[in-house]
Amino acid sequence: MKGRKPAIAAAGTFFGLFAYSQVYQNVIFPRITPPSELLEEKSWVNSSRSWLDRRVCNWFGLCGLAHLNQAHWTTEGGANIPTPTKASNDEREKVDLSEFAESARALPKGWDDKEREVPQNVLDDQNREIPQYVFDHAPLIHLYSGEEYWPCDMGEHLFHTTPHLNYTPLQAVDDHPTLENLYELNKWGRFVYLQSDDNVEDYPEWLGGKSNIPDVPDDSEPDADPEQGGHYEEDKDGEKSSWWNVGIGDTNERGGVRSSGIANSRVPAPTAVPTNTPEGEELVDVADEPWQSELRRTLKKRGKKVVGGKSDAPAVLIVVPKENGVVDAFWFFFYSYNLGNSVFNVRFGNHVGDWEHTTVRFQDGVPKAVFFSEHSFGEAYTWDAVEKSGKRPVGFSATGTHAMYATSGVHPYILPGGILHDVTDRGPLWDPTKNMHSYTYDYRRDELKSSTKTPKSPIGFFYFMGHWGDKFYPLSDSRQYRFLGQYHYVNGPLGPRFKNLGRKEICQGNGECILKKWIGDKKSRPHVKRYPLVGHGEEMSEEDMHRFGVKDIA
């Protein structure tokens, strides 16, 4: 009888864990896992060659336990991944990447007449001028000082990727799409992925983008702006303002809630650049524009300097006019790789390609609010709440994930106790106005136009409706695993067109949007060195942990 008790206890534990895992997988798992992954659950699990792995995955939600040995992820370590034939280095060096920066010229057809109706108080759709105040209040972004995956050029990203329909290549590995014709891949539907030609675990140079670290202007050094502190409180008065909820909202297929309708269900070809575009005009470096010099003089009078440096990776500015005198300025930042955060030293959420953004909402030329994107959500703040350098709001990009925040420090999310968190600091300061592609966008007609500031900016890439990275790796891939619904590698993201540009409220999502105002005493914190040797990804050194007041995050 005594010998049966341990066996009964073991059996009870097994069935208890089994029951719990089934509840988790059938109730919680569908709520936290993207629908695209859920649709392929059965085939994804069955891709594993191990019967035991498939059973443990189905029974307990622990998938790919044998894949935790990082030595097997690299090509030299014998990674079990497809190895496409790549062009030689000599062939790559012969390619002129400037051809990737031309815009498409095809005209859209079949626009619905109702979609052509634009309110009189909205900027005329033929007006490609971007208001001066958009640049005067453009954000400055602190990248993380120990970042490993810096901003990247979209064109170079295309040069190192090959379009796949799910896991099947659509063209030869040396036949790269360009920013001009990328939208032509839409004939294959939404399940097109720009798959990396390299094993990302080998850390190819193009993936890290180190050549794109913003420079430090010779005429200024970053001064220690005091960091605002305190806690946040909802600004209910601001939410009652006429600028808070505007327009008709974007369509469902582009991240909004409005029905797409038959006329808008297709993806249009890019709009032609108007014939009055100056011939031979090159990409404008706005740092040399008169307004920029005036801004510098204004800030110096206030005892402050514009200290942001130029990155060789261009930012993307999309200005969207709406009702009630409202204009939303979306600043998009592209990275070729997203290094996910880790829980108990197990990393989740890696993906190739990464789009983040900061939005400034104006009414009648006056800035009213700022939105910072954070993963699949984000935070909205009143204009007075955020830190500024002169007239310009300051944002912070988290290490690895590039999620945007209003402050530096540790930012826990989703899981309690700071187990899952982002980290930001005052690393290199990026001024996106110094190198950008700028556009005006009519969200009602889904019509993008290059602005007069950068008339040669590419347009075709905007209408690409596929993913800017690899499809989440199958369970048979030695780099892939999944615990509690969280994958090591997930799908690459969709582009800016699908970020709800026609949103009514400033928040990206369609749920409750809370406008926060900052209250409490201002506090100053010691500056982080510009390039400290911090560990891999978001893992911090003992010095960093002490500085941020973190006792234990592993």
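Here the structure is a predicted model, which means the values were calculated and not measured. Only heavy atoms go into these numbers, but all of them, side chains included; no hydrogens, no water, no symmetry mates.
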Practice item. Quick one: pull up CG in Asp153 and OG in Ser336 and give me the separation to the nearest 0.5 Å. Key: 8.5 Å
Practice item. Please name the pair of heavy atoms, one in Asn491 and one in His351, separated by the smallest distance, quoted to 0.1 Å. Key: O-CB, 3.7 Å
Practice item. Could you tell me whether the side chain of Phe464 reaches within less than 4.5 Å of the side chain of Val192, counting heavy atoms only? Key: yes
Point to revise | Any side-chain heavy-atom pair of Met404 and Ile141 under 4.5 Å | key: yes
Check your understanding: Does any non-hydrogen side-chain atom of Leu68 lie less than 4.5 Å from one of Phe483?
Key -> yes
Practice item. State, without any angle test, whether Lys471 and Asn166 hold a side-chain donor-acceptor pair at a distance under 3.5 Å. Key: yes
Check your understanding: What pair of heavy atoms forms the shortest contact from Ser397 to Leu143, and how long is it?
Key -> CB-CD2, 3.9 Å
Exercise for review: Assess the side chains of Asn350 and Arg479: does a donor N or O sit below 3.5 Å from an acceptor N or O?
Suggested key: no
Check your understanding: Hey, does Pro177 have a side-chain heavy atom less than 4.5 Å from the side chain of Gln171?
Key -> yes
Point to revise | Within-4.5 Å side-chain heavy-atom neighbours: His157 and Cys152 | key: no
Point to revise | Pairwise distance CG(Leu475) to CZ(Arg482) - rounded to 0.5 angstrom | key: 8.0 Å
Review point. Is there side-chain contact between Val352 and Leu194, with at least one heavy-atom pair below 4.5 Å?
Key: no
**Study point:** Intermediate values then yes/no, ring-ring contact (aromatic ring centres under 6.0 Å, His included), Tyr405 and Tyr381
**Key:** CA-CA 11 Å; Tyr405 292 93; Tyr381 304 92; 9.6 Å; no
**Study point:** Output field: ring centroids Tyr193/His164 closer than 6.0 Å
**Key:** no
**Study point:** Distance, nearest 0.5 Å, that separates OH of Tyr167 from CG of Asp470
**Key:** 9.5 Å
Exercise for review: Indicate whether the side chain of His411 and that of Thr424 have a donor and an acceptor atom separated by less than 3.5 Å.
Suggested key: yes
Exercise for review: Flag the pair Trp355 / Phe498 as yes when their ring centroid distance falls below 6.0 Å, and as no otherwise.
Suggested key: no
Check your understanding: Pick from Tyr481, Phe348, Tyr473: which one makes a ring pair (Phe, Tyr, Trp, His ring centres under 6.0 Å) with Tyr489?
Key -> Tyr473
Review point. Any luck finding a side-chain donor-acceptor pair between His402 and Asp354 under 3.5 Å?
Key: yes
Exercise for review: Step through it carefully: locate the ring centre of Phe371, locate the ring centre of His357, and say whether they are under 6.0 Å apart.
Suggested key: yes
Check your understanding: Pick one: which of Lys504, Arg361, Lys499 meets salt bridge (Lys or Arg N to Asp or Glu O under 4.0 Å) with Asp328?
Key -> Arg361
Review point. Should Thr162 and Gln195 count as side-chain neighbours, where that means a heavy-atom distance under 4.5 Å?
Key: no
Check your understanding: Among side-chain atoms of Ser43 and Asn46, is any donor-acceptor pair under 3.5 angstrom?
Key -> no
Check your understanding: Is it the case that Ser311 and Asn212 place a side-chain donor and acceptor less than 3.5 Å from each other?
Key -> no
Exercise for review: List the atom of Ala403, the atom of Asp422, and the distance in Å for their closest heavy-atom pair.
Suggested key: CB-OD2, 3.6 Å
**Study point:** Spacing of Leu182 atom CG and His176 atom NE2 [to the nearest 0.5 Å]
**Key:** 13.0 Å
Review point. Just wondering, do Phe462 and His437 contact through their side chains at under 4.5 Å, heavy atoms?
Key: no
Review point. Under the criterion side chain to side chain contact (heavy atoms under 4.5 Å, CB included), which of Trp331, Phe334, Tyr439, Phe333 is the partner of Val316?
Key: Tyr439
Review point. Minimum heavy-atom separation for Ser47 to Ser476, with atom names?
Key: O-CB, 3.0 Å
